[in-house]
Protein chains: 2
Amino acid sequence: MRFRLRYGVDMPTTGRRERKKAQTRRALSEAALRLFCEHGYDGVTVAQIADEADVSIATLFAHVPDGKEALIFDDGAERPVWLAAAVRDRPPGQSVLQSLRRCMAARGPFTNDLPPELRRKRDLIVSTPALREYSRKLWIAGEGTLAEAIATESGRAPSDMTVRALARYVLEIPGLAGTEPDPLAALNAVFDLLESGWPESPEEVTDRPG
Amino acid sequence: MRFRLRYGVDMPTTGRRERKKAQTRRALSEAALRLFCEHGYDGVTVAQIADEADVSIATLFAHVPDGKEALIFDDGAERPVWLAAAVRDRPPGQSVLQSLRRCMAARGPFTNDLPPELRRKRDLIVSTPALREYSRKLWIAGEGTLAEAIATESGRAPSDMTVRALARYVLEIPGLAGTEPDPLAALNAVFDLLESGWPESPEEVTDRPG
DNA sequence: TCTGAAACTGTAATCATTATAGATTCAGAT
DNA sequence: ATCTGAATCTATAATGATTACAGTTTCAGA
């Protein structure tokens, strides 16, 4: 029991094996982030990362089957869950799109309310094409999950193309608005478009509902 | 002059050098398509393709700097031009979105009005993740061009996030709707969404304008 | 005919990724 | 306390895409 705190506070609670595994995985992430920040993504080889984390290359790929880009993303599967949960647990009276807008605004590139370490990571991702791409891939991977939540909450079929399109378009927003000078304003503009549709003339724009 | 027809009908009209270059490029595309169709994308190496086209690997990459996926796309830069032109040259009274909807419906995965060779190519692309990805990349590369046309035609700034988002969302449609059982119906559903916005309840859907 | 650029070649790198086969370590059962 | 199988890790050697290089051939234009 006294070992628990040695390796981290919120491990899955099983044996030493799992702790060591997580330890290795974290060592890899941290080594990768450190080296990427110092020499740029393309200036670092997976061999160097493995060395820095003191594991073999084979071990590196065992921990990160998706390859080099995935090294600094430890949370791949979680993101779609946040959004789906935001839709399901939204307060009564709030529309599906409103809940998505708020949830998204609190994440990723849209807030500066982050510890400096995460901010450095975000900046690295935003400024590295390969990492931007991979980040998008992670978001899009949640399309099915999000579409299901949207369908349930709006009384449509999950295979309804409108549902799938909305899910996809929402998940594209980080990649689309994340590089703008004012990401939050950009995010709101895109959600306005999704809520109200494209007004043929700029004059027709109406105030944002809600 | 009598050599013109030997190598093709619509070469850029300069010397033999250009003709041979185009000839080589076409040999590569055709070899790649043939081998991909026969053994699957992952079942073919660039070395095999180079062999089949009777050029060295270095030459292959000189012709196709974007790599293996680009081999069967000889028209990368043209696609955004079609769409931008469709927006600019639309008949009076037709909305920007209407023109895009019609132009898109005539292309890529949305029509079967294609020669069998192109149909085989399209099926290969749709059924191969790496090629789908690359095709999307080509579409998205035209975002700036399309955004500019949309901005001009609708009296907005090209940097307006709404414009950029619309351009992006339109260009995502092939990848989004192209794999549906009825791609054309899917395309129309997505355009309806972009025109009218997301109706919180399915009941609110209005007839498609125009 | 001469000359420089363009296109091509073979060869050898670099790098990510996967396969293999053996060693070590741990969890759970005896 | 010991045994056993699975998980983890290792070194090593492929494979395959991509790039660098240095030299050759071929063409266009002076």
Side-chain angles (χ1 to χ4, degrees), chain A residues 1 3-4 6-7 11-29 31-32 35-36 39-73 128-131 133-134 137, chain B residues 1 3-4 6-7 11-29 31-32 35-36 39-73 128-131 133-134 137:
Chain A
M1 214 17 176
F3 292 104
R4 179 81 63 80
R6 281 256 189 103
Y7 295 96
M11 299 284 99
T13 343
T14 330
R16 162 162 39 207
R17 194 163 235 164
E18 313 237 349
R19 263 175 279 138
K20 288 207 171 181
K21 186 175 177 177
Q23 199 185 203
T24 306
R25 175 61 229 244
R26 202 172 316 171
L28 283 167
S29 293
L35 292 175
F36 287 164
H39 304 105
Y41 179 77
D42 291 319
V44 182
T45 69
V46 290
Q48 290 170 327
I49 297 169
D51 268 1
E52 180 90 356
D54 199 36
V55 297
S56 73
I57 296 185
T59 298
L60 183 153
F61 280 103
H63 278 272
V64 187
D66 274 5
K68 193 180 176 184
E69 301 94 4
L71 270 165
I72 62 172
F73 296 90
T128 306
L131 295 177
E133 281 268 314
Y134 185 73
K137 216 183 252 180
Chain B
M1 218 8 176
F3 292 105
R4 180 80 63 79
R6 280 256 190 103
Y7 295 98
M11 299 285 100
T13 344
T14 330
R16 162 161 39 205
R17 194 164 235 165
E18 314 237 350
R19 261 175 281 139
K20 287 206 172 183
K21 186 175 177 177
Q23 197 186 205
T24 305
R25 174 65 231 242
R26 201 170 319 171
L28 283 167
S29 293
L35 292 175
F36 287 164
H39 304 105
Y41 179 78
D42 291 319
V44 182
T45 69
V46 290
Q48 290 171 328
I49 297 168
D51 268 3
E52 180 91 357
D54 199 35
V55 297
S56 73
I57 295 186
T59 298
L60 183 153
F61 280 104
H63 277 272
V64 188
D66 274 4
K68 192 180 175 185
E69 301 94 7
L71 270 165
I72 61 170
F73 296 91
T128 307
L131 295 177
E133 282 269 311
Y134 185 73
K137 214 184 253 178

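Quantities reported herein were computed from a predicted structural model and do not represent experimental measurements. Residue numbering restarts at 1 for every chain, and letters A, B, ... go by the order of the sequence lines.
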- Message: Under 4.0 Å from a heavy atom of chain A: give me the 5'-most and 3'-most nucleotides of DNA chain D that qualify.
- Response: dA6(D) to dA11(D)
Under 3.5 Å, which donor-acceptor pairs do the side chains of residues 62-73 of chain B form with other protein atoms, sequence neighbours left out?
from, atom 1, to, atom 2, distance (Å)
Asp66(B), OD2, Tyr134(B), OH, 3.0
Lys68(B), NZ, Tyr41(B), O, 3.2
Lys68(B), NZ, Val44(B), O, 2.8

- Once you round to the nearest 0.5 Å, how far does CG of Leu131(A) lie from CZ of Phe36(A)? 6.5 Å
- Query: How would you list all residue pairs meeting salt bridge (charged side-chain N to carboxylate O under 4.0 Å, His left out) that involve residues 43-54 of chain B, not counting sequence neighbours?
  - Reply: Arg34(B)-Glu52(B)
- Sequence-distant partners of Ala47(B), side chain to side chain contact (heavy atoms under 4.5 Å, CB included), two or more places apart: Thr45(B), Ile57(B)
- Query: Once you round to the nearest 0.5 Å, how far does CG of Leu60(A) lie from CZ of Arg25(A)?
  - Reply: 8.5 Å
- Non-hydrogen atoms of Val55(B) and Thr24(B) that approach each other most closely: CG1-CG2, 3.7 Å
Can you pull every protein N or O that's under 3.5 Å from an N or O on nucleotides 27-30 of chain C?
from, atom 1, to, atom 2, distance (Å)
dA27(C), OP1, Arg16(A), N, 2.6
dA27(C), OP1, Arg17(A), N, 3.2

- What string of B, S and - do you get for nucleotides 8-15 of chain C, 5' to 3', if B is base contact, S is sugar-phosphate-only contact and - is no contact with any protein heavy atom under 4.0 Å? SBB----S
